[in-house]
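Below is one structure, written out as structure tokens; the observations come after it.
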Amino acid sequence: MGRIRSRLLEWYDAHLQDFPWRTARDPYAALVAAVAAQQTQMSRVLPTYERWMTAFPTLRAAAEADRAAVLRAWGRAGYPRRAVALHETARRCVAQHDGRLPADLDALLALPGVGPFTAAIVLCFGYGIDAPAVDTNIVRVIGRVVFGDLQPAAETPRGAIDAAAARLLRPGTAARWNPALMDYGARVCTPRPKCGECVVASLCAARPRFAAGAVAEPVRAQGRFDGSDRQWRGRLLRVLREADGPLRLGALLKAADVPAEEKPRVRALLGTLCADGLAWSDGGWCGLGSEAQAPAPRRPAR
DNA sequence: AATACGGGGGG
DNA sequence: CCCCCAGTATT
């Protein structure tokens, strides 16, 4: 174990990527980066992070923002419900935690959009607390090196991976060890691994299998995106985000280029956006965010 | 345990 | 065209 640790740390020191949230010791910055990183390649995280932090430099600023502004800052980063969760988490921190992120695992996990990974990132980067942040990269690296898996998610149970991650973490090093392991999985121990460049190949339990030419099977099959609900939701939201203000329903469907036969379905999807706090719809008008904006005609006031 | 949830990078 | 991504919430 010790040799694996030292070699990976040595690799990390030579390939260090200096993301601002890694060294800022700012729990809010860590939170924003962690949420932006959920199911998203790092190359796309930095721009989202910069936009968000420029628009809402502090937890309180995020809490006081309106939903439409939050969604515009999120832009095309994907999974916009993450922006809603971030917004709501900021509000709860102000309402219930004295305007700060809790430094406690269970309290963090109680916040919307915060799961085991995000909570661990807040703890280790934000507070310097030792918490193993086990992302998909780390699952793969530990699965292979420790357990000899080709494609860990399909072989070794997650609980065993987590236990190994906790065992590998030396006290006081989480803020360096977590990103070292994550980066290694992203750059070397990739889904199709670069075993020729691997600094722990001689210690890797999976080495014989890969050396024999075994190929890792795809982790999770993915449905078609074209024509999916997800694509339509994304298109609607994009139109709403880029609009100056409220739109007629008909104008929304037209701008989103919805064919006649898809209109009932896409109208229903607008309903799901509203349910998610991403859009509102009222009296034939609709818009970005959670509440009808001024230009929309109000119902007769009593 | 299985699905839903965006959008784009990279082979 | 296909795989995958610093996951989380819901069913």
Side-chain angles (χ1 to χ4, degrees), chain A residues 12 17 19-22 29-49 71 74-86 88-89 108-126 131-142 151-154 157-159 161-162 165 174-175 177-187 189-194 215-241 256 268-269 272-273 275-279:
Chain A
Y12 181 57
Q17 298 184 72
F19 294 113
W21 55 86
R22 286 186 174 179
L31 173 76
V32 173
V35 172
Q38 292 168 9
Q39 286 294 288
T40 305
Q41 286 98 332
M42 291 308 296
S43 60
R44 302 184 57 213
V45 171
L46 188 57
T48 306
Y49 173 85
L71 292 171
W74 196 253
R76 293 208 244 170
Y79 290 142
R81 292 191 300 193
R82 291 183 293 175
V84 172
L86 211 37
E88 183 57 25
T89 279
L108 286 169
L109 292 175
L111 296 167
V114 179
F117 168 78
T118 299
I121 291 295
V122 170
L123 290 176
C124 79
F125 289 151
V134 184
D135 74 330
T136 186
N137 290 303
I138 295 187
V139 170
R140 196 171 50 241
V141 174
I142 291 179
Q151 201 62 276
R158 178 54 191 264
I161 301 281
D162 288 342
W177 176 244
N178 282 329
L181 219 41
M182 289 188 277
D183 286 3
Y184 199 74
R187 308 260 300 272
C189 196
T190 48
R192 308 292 184 83
K194 304 168 167 64
V215 174
E217 288 304 309
V219 178
R220 49 191 154 191
Q222 189 150 288
R224 285 288 151 305
F225 182 63
D226 282 339
S228 65
D229 287 357
R230 289 161 74 161
Q231 185 181 46
W232 281 119
R233 281 170 53 104
R235 283 222 239 175
L236 293 178
L237 205 55
R238 181 172 182 178
V239 171
L240 294 175
R241 223 172 30 232
L269 289 173
T272 69
L273 291 178
D276 287 341
L278 295 164

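Proteins get letters first, then strands, A, B, ... in listed order; numbering begins at 1 in each.
Under the side-chain hydrogen bond (donor to acceptor under 3.5 Å, both in side chains) criterion, A:Tyr79 pairs with A:Arg230, not counting sequence neighbours.
Between A:Met42 and A:Asp183, the closest side-chain pair of non-hydrogen atoms is not below 4.5 Å. For the pair A:Gln17/A:Arg187, a side-chain contact is recorded, criterion being any heavy-atom separation below 4.5 Å from C-beta on. No side-chain heavy atom of A:Phe117 sits less than 4.5 Å from a side-chain heavy atom of A:Ile138.
Using atom C1' as the reference point in both B:dC5 and C:dC5, the two lie 14 Å apart (nearest Å). The C1' atoms of B:dG6 and C:dC4 are separated by 13 Å, rounded to the nearest whole Å. The separation of B:dG11 from C:dA6, taken at their P atoms, amounts to 14 Å, rounded to a whole angstrom.
In this structure, A:Leu236 places its CG atom 15 Å from C1' of B:dC5, rounding to the nearest Å. Across the protein-nucleic acid pair, A:Phe225 atom CZ and B:dG8 atom C1' stand 9 Å apart, rounded to whole Å. B:dA4 atom C1' lies 19 Å from atom CH2 of A:Trp232, rounded to whole Å.
Salt bridge status for A:Asp229 with A:Arg233: absent, with no side-chain N to carboxylate O gap under 4.0 Å.
In this structure a side-chain-to-backbone donor-acceptor pair under 3.5 Å is present from A:Thr40 to A:Gln38.
In DNA chain B, stems built from 3 or more consecutive Watson-Crick or G-U wobble pairs, each with both distances under 3.5 Å, span B:1-5 with C:7-11, B:7-11 with C:1-5.
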Sugar-phosphate means primed atoms, P, OP1 and OP2; the rest is base. With that split, encode nucleotides 4-11 of chain C 5' to 3' as B, S or - using protein heavy atoms under 4.0 Å.
BBBBSS--
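A:Ala119 approaches A:Leu109 most closely through the heavy-atom pair CB-CD2, 3.8 Å.
Counting any heavy atom pair closer than 4.0 Å across all strands shown, A:Ala77 reaches a base atom. As judged by a 4.0 angstrom heavy-atom cut-off over every strand, A:Arg224 is placed among residues touching the sugar-phosphate backbone only.
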I would like to know whether A:Trp232 and A:Thr272 meet side chain to side chain contact (heavy atoms under 4.5 Å, CB included); could you show each step before the answer?
CA-CA 11 Å; A:Trp232 281 119; A:Thr272 69; over 6 Å; no
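For the side chain to side chain contact (heavy atoms under 4.5 Å, CB included) test with A:Trp21, the passing option among A:Ile121, A:Leu46, A:Val32, A:Leu31 is A:Leu46; the others fail.
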